[in-house]
Amino acid sequence: MSEAGSPPGLPDHYFRREFGRLVAALSRRFGVHRVELCEDAVQTALLRAVQSWPQRGPPEDKSAWLYRVALNEVLGALRRERRTGVSAENAERLAADSSTEEEVYLEHEVRDDQLRMLFVCANPEIPRESQIVFALKTLCGFSTEEIALRLFNSDEAVYKRLQRARTTLREHVEDLEQPALQQLASRLPAVLEILYLLFTEGYSSAQPQQMIRRELCEEAIRLGRLLDEHPVGAAPETAALLALMYLNAARFDARVDGAGGLLVLEEQDRSLWDRELIRIGVSYLHRSARGERFTRYHAEAAIAAEHCMAPTYEATRWQEIARLYQMLDTLAPSPIHTLNRAIAIAEWQGPEAGLALLEPLHPPSWLLGYYLWDATLGELYRRCGERERAVGYLTRALAAAPTHAEKGLLQRRLQACSISGEPRARK
Amino acid sequence: MPTSKIKFLCLYRFAAAGWPAKPSSPEQMQAQYAAWKAWMTKFEKELIPGDGLLPGGSVVRGGNVTDGPFIEAKEVVASYGIIETDSLARAVEIVKACPIGMDPGASVEIRQLGGYSG
């Protein structure tokens, strides 16, 4: 998110960000059904910049320069289309457009354009995973290959999802007529969910692609802030989502050890937590407390804040965290939340209390194959001194763990099982 | 004896099959921009800016005008520039450091100017 300091002269990710801004601005002018044409035009404009800026130096107003080049590209393409008689509708639109060719590129308008695009991509007809891919492509300026790399997906899968989103947008005219942002406001929950998933996708895994996946988190935060700065998006739950993103991002560096292994909370060096991000997160959390609504984002942000504010693992307010997980489980019922609540209860009242919550559960089959379920049960049994059961669960978890870092962690726990079968001393 | 500078014309060629190249992502383009900019800054005393060459144009051959081919269809000249330096060896050294080398199939033709027009 840095805006300065990257030699020579362009801020980090300037082209990628500019891609999103320009596509959004042009799509407002020419309609969302033209989004591919707009993307190609922006691509061409960026290529021109690569070719001419190094020699002559970048123009004073780089954004305006790029906008003009891209705009002319779109107009040229529409003219060619009209000549070949593709449709009369284009001719009409074109006539309306050519008078505004000298239109200026206004910063605040472009911000609105990007927001509009974000709401457009939250169209309920588009499956969630396609929405995310579309947002990454159109708003964040990632290529199909770059998206595939970041989402651990194949190029074709990403391409298919992208096409699905584009086709749906073409078929659903209500988005084509450039609706006012306010008309799309009812989609705020869906927009927040897209940003939430984008963030979790980036956060959920460490090595080996940690750095590039972290960009997903940065994009989620950037778009979240964009949303929060506009009346249409500045709801308490937006602030709560930003709080939860900042408070989790603050712990990014501390999650990985020198060798790239994933560290659990207990093992993390808290001095590595980013105090500035925690401060921003907490201020968003305060702002989120306006109004009546308490959403799952509020609950998750509050949980993250509890962890961030705790001086040590032992001094964490586990009782409060268990309570928040219970609220979260009520707001957004999921056995995962119960699982996390059990972990908090185990820290608060001992492993037996945690197990007491989990043992009567009949977890759905997807959860039984989920390594965290086995890993948690394994760890709690280990703490209770039930070595055999612990080894059984931990071995199963090890086989299903998705990353090397997580496997490493489970291996350490398995070793701890064989070294000491004694129940962990509880305070 | 004072050594006078020699001018070399550089023709930057790309493989026709890959030109226009497979589109780079904005992030990649920014990296390319940075690489070109760094190269031009490093050798700014010796590089005289040329220009890019747009596709298309005409060929006049024996009074007949065609729209190509200019040279072998396998490659296209995408831009030109001039290097003013001490020797061909130095010009080669500069071109070897050029980011165009990252593009497979690309080549640079270096020709000393005759200086006939003074």
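Lettering follows sequence order; numbering is per chain, from 1.
Across every non-hydrogen atom of A/P58 and B/Y33, the tightest pair is CG-OH, 3.5 Å. Closest non-hydrogen pair, A/V50 versus B/M29, comes out as CG2-O, 3.5 Å.
For B/R111, the CZ atom is loosely surrounded, since the number of other residues' heavy atoms within 6.0 Å does not exceed 12. For NZ of B/K7, the number of neighbouring non-hydrogen atoms (other residues, nucleotides, ligands) closer than 6.0 Å is 12 at most. Open room surrounds CZ on A/R164; 12 or fewer heavy atoms of other groups in view lie less than 6.0 Å from it. For A/Y159, the OH atom counts as loosely surrounded, since its 6.0 Å shell holds 12 or fewer non-hydrogen atoms of other residues, nucleotides or ligands.
Atoms CG and CD, from A/D12 and B/Q30 in turn, are 7.0 Å apart once rounded to the nearest 0.5 Å. Between A/L47 atom CG and B/Q32 atom CD the span is 8.0 Å, to the nearest 0.5 Å. The CD atom of A/Q55 lies 11.5 Å from the CD1 atom of B/I48; values are rounded to the nearest 0.5 Å.
For chain A, the option among B/S79, B/G52, B/G81, B/G50 with the highest count of heavy-atom pairs below 4.5 Å is B/G50.
A/Q43 places no side-chain N or O within donor-acceptor distance of the main-chain N or O of B/P26, the cut-off being under 3.5 Å.
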TODO: Take A/E145 and B/Q28, measure what side-chain contact (heavy atoms from CB on, under 4.5 Å) needs, and give me the verdict at the end.
DONE: CA-CA 12 Å; A/E145 290 80 7; B/Q28 290 166 333; over 6 Å; no
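Residue A/Y14 touches chain B through both its backbone and its side chain, counting heavy-atom pairs closer than 4.5 Å.
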